[in-house]
Amino acid sequence: MQRELEIIERLEKEQQIDLQGLEILITTQDEAAVGELAKRARETAQSIYGNKVYIRGLIEFTNYCKNDCLYCGIRRSNGNAERYRLSEEQILSCCATGYELGFRTFVLQGGEDAYFTDERICTLVAQIKKEYPDCAVTLSFGEKSRESYQAYFDAGADRYLLRHETANEAHYRELHPAEMSLKNRKRCLRDLKEIGYQTGCGFMVGSPYQTVETLYEDLMFIKELQPEMVGIGPFIPQKDTPFGDKEAGTMEMTLRLLSIIRLLHPHVLLPATTALGTIHPKGREKGILAGANVVMPNLSPVDVRDKYRLYDNKICTGDEAAECRYCMQRRMESIGYEVVTDRGDFIA
Ligand code: 5AD
Ligand code: FES
């Protein structure tokens, strides 16, 4: 435990870790050390955000995608994916339902779908901001030009989520088709920050070919980018993809990384993701107890929820639109946390 404790203390006091320290923290079998890591991360989150968990309403508005990422169930080559896109009215109606339920952040997430031109996105964002001026709009639909990001921002968008997926060049190429590059992904993230978005990066835990070294690069990338949000969740194979037979990431590893990220970058908005809730029934609760402070219940129309299948066995495909909202509240209360409905901006 002594060895682990020294690494955890350096993380907490100096927000620093080295490769060897990371290796020890993600491989140690010492349960007391793992408990201490989660405890320090949880206390750090509480010292900034209290026992509050922010909720974001997730609207999965299109599963058409021009990309072909090897891990993803909505990749263009997946002929088994049943494609859908929501109309502008459907999206606005999700926001209306969400607002009634107390959501003050709407996350518009989707594949890279050419139907949604900059003009359509800008009209939509402006409409949402006009109807709900007290709400934050978060966008998450992949790589765009700087001009496009600027246009959405000018239309009123507040935040953008774009996971970097891995900060290692060779690893990036193993996860993506040749036409995609880490260089462009990083360009997007820098543009988003410069434009003034609250920006989120992130990666999957246990993705194929991930190593301690690539994870270390992910952490160093986070330190360098200083994102307002970081999204991580376990890799979960989707059977119609080239990675359908690969092993899933684990909850334990995801929890340790959530804690490490919290200590390394204390103010970050850190969700306990749906993927974490998918690999373990109490995954999201455990994520909060390991230092996460955001949850993103599903607000998509119920008839499309099971079509937005990035990975297999995804949860929250219930038949009641409001179900996730109250389910989440109960879950958070069960561990002594309070769901809050303000915008929940980054606290600098
Ligand atoms: N397992 C877990 N997460 C996945 N994502 C895509 N496919 C999978 C999968 N099979 C994640 C990616 C992407 C985010 C929207 O979902 O990290 O950025
Ligand atoms: Fe979606 Fe529980 S949060 S069903």
Side-chain angles (χ1 to χ4, degrees), residues 53 55-58 60-63 65 67-75 78 81 101 103 107-112 138-143 160-166 171-172 175-176 180 185 188-189 200-208 210 218 229-251 253-254 271-279 281-285 287-288 294-300 302 305-306 308-334 339:
V53 174
I55 53 168
R56 322 295 197 197
L58 183 63
E60 298 156 335
F61 70 99
T62 174
N63 73 350
C65 191
N67 282 336
D68 219 13
C69 307
L70 279 77
Y71 45 84
C72 184
I74 66 168
R75 66 200 300 268
N78 183 7
L101 290 169
F103 289 105
V107 182
L108 300 182
Q109 183 162 97
E112 293 191 21
T138 304
L139 303 180
S140 179
F141 39 82
E143 299 180 0
Y160 204 102
L161 304 174
L162 180 69
R163 290 189 179 178
H164 64 285
E165 311 297 356
T166 173
H171 188 211
Y172 195 92
L175 300 181
H176 299 97
M180 290 177 73
R185 196 47 79 118
C188 290
L189 286 163
C201 67
F203 55 89
M204 295 177 287
V205 175
S207 62
Q210 186 174 67
D218 289 325
M229 307 165 285
V230 171
I232 69 165
F235 162 73
I236 305 173
Q238 203 291 326
K239 58 178 172 20
D240 303 310
T241 66
F243 289 168
D245 293 324
K246 302 283 189 202
E247 233 176 280
T250 65
M251 175 172 76
M253 182 75 87
T254 307
T273 55
T274 305
L276 185 56
T278 297
I279 50 164
K282 288 275 153 65
R284 289 169 296 181
E285 290 88 328
I288 298 298
V294 174
V295 289
M296 299 167 72
N298 202 323
L299 194 53
S300 309
V302 289
R305 284 188 193 185
D306 70 318
Y308 200 80
R309 219 175 284 168
L310 306 181
Y311 46 81
D312 290 332
N313 306 313
K314 190 171 158 236
I315 54 169
C316 297
T317 54
D319 52 11
E320 195 66 61
E323 199 169 299
C324 286
R325 163 70 176 81
Y326 295 110
C327 173
M328 200 59 90
Q329 181 162 349
R330 283 194 303 276
R331 286 171 180 273
M332 296 301 114
E333 285 169 358
S334 80
V339 154

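All ligand and atom numbering here is 1-based and tracks the order in the structure. Bear in mind the structure is a predicted one, so any value in this text is a computation, not a measurement.
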Protein heavy atom at shortest distance from [atom]:
atom: atom 7 (N) of ligand 1; result: Y71 CD1, 3.4 Å
atom: atom 15 (C) of ligand 1; result: L310 CD1, 3.9 Å
atom: atom 13 (C) of ligand 1; result: E165 OE2, 3.4 Å
atom: atom 3 (N) of ligand 1; result: M204 SD, 3.4 Å
atom: atom 1 (N) of ligand 1; result: I236 N, 3.0 Å
atom: atom 3 (S) of ligand 2; result: R284 NH1, 3.2 Å

Under a 4.5 Å cut-off applied to non-hydrogen side-chain atoms, are L175 and S207 in contact?
->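 Heavy-atom side-chain distance check passes, below 4.5 Å.
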
Quick one: are P297 and F103 in side-chain contact, heavy atoms under 4.5 Å?
->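 Yes, close enough: below the 4.5 Å cut-off.
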
Give the C-alpha distance, both sets of side-chain angles, the deciding distance and a yes or no for side chain to side chain donor-acceptor pair (under 3.5 Å) between H176 and Y71.
-> CA-CA 8 Å; H176 299 97; Y71 45 84; 2.9 Å; yes

At a 4.0 Å threshold, what atoms of ligand 2 neighbour a non-hydrogen atom of M328?
->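 Near M328, the atoms of ligand 2 are 3 (S).
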
Contacting atoms of ligand 2, where contact means under 4.0 angstrom from a heavy atom of C316 =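 Those of ligand 2 that fall under 4.0 Å from C316 are 1 (Fe), 3 (S), 4 (S).
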
Mode of P297 contact toward ligand 2 - side chain, backbone, both, neither (heavy atoms, under 4.0 Å) =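 Within the 4.0 Å criterion, P297 makes no contact with ligand 2.
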
Contact summary for [X] and [Y], nearest pair of heavy atoms:
X: Y308; Y: G111; value: OH-N, 4.2 Å
X: A248; Y: P237; value: CB-CD, 3.7 Å
X: G233; Y: T273; value: CA-OG1, 3.5 Å
X: F203; Y: E165; value: CB-O, 3.3 Å

Using a 4.0 Å heavy-atom cut-off, say whether Q238 meets ligand 1 through its side chain, its backbone, both or neither.
->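 None of Q238 does.
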
Indicate, as side chain, backbone, both or neither, the part of P234 found under 4.0 angstrom from ligand 1 when only non-hydrogen atoms are considered.
->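 Near ligand 1, P234 shows its backbone, while the atoms from C-beta on stay back.
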
Distance-only, no hydrogens or angles: does the R75 side chain make a donor-acceptor pair with backbone N or O of C69 under 3.5 Å?
->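 Yes; judged by distance alone, with no hydrogens or angles, the pair exists.
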
Run the contact test for R325 against ligand 2 with a 4.0 Å cut-off on heavy atoms, strictly below, and give the result.
->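 R325 does not count as a contact of ligand 2 under the 4.0 Å cut-off.
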
Under the side-chain contact (heavy atoms from CB on, under 4.5 Å) criterion, do L299 and L58 qualify, and how do the steps go?
-> CA-CA 5 Å; L299 194 53; L58 183 63; 5.6 Å; no

Got an N/O contact under 3.5 Å between Q109 and ligand 1?
->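 Not met; the criterion fails.
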
Any N or O of C72 that comes nearer than 3.5 Å to an N or O of ligand 1?
->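 Among all N and O atoms of C72, none is under 3.5 Å from an N or O of ligand 1.
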
Any chance CG of D306 has more than 12 other-residue heavy atoms, nucleotides or ligands included, within less than 6.0 Å?
->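 More than 12 within 6.0 Å, yes.
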
Is it true that E60 and R305 make a salt bridge, defined as a side-chain N closer than 4.0 Å to a carboxylate O?
->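 Not counted as a salt bridge, because no side-chain N and carboxylate O are separated by less than 4.0 Å.
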
Give the numbers and elements of all ligand 1 atoms closer than 4.0 Å to a heavy atom of Y311.
->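 Counting atoms of ligand 1 from 1, those under 4.0 Å from Y311 are 1 (N), 2 (C), 3 (N), 9 (C), 10 (N).
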
Run the numbers for me: atoms of ligand 1, each under 4.0 Å from some heavy atom of R163, listed by number.
->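 So the atoms of ligand 1 that pass are 11 (C), 12 (C), 17 (O), 18 (O).
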
Hey, looking at atom 1 (Fe) of ligand 2, which of C324, G318, G277, C327 has the closest heavy atom?
->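 Result: the heavy atom closest to atom 1 (Fe) of ligand 2 is in C324.
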
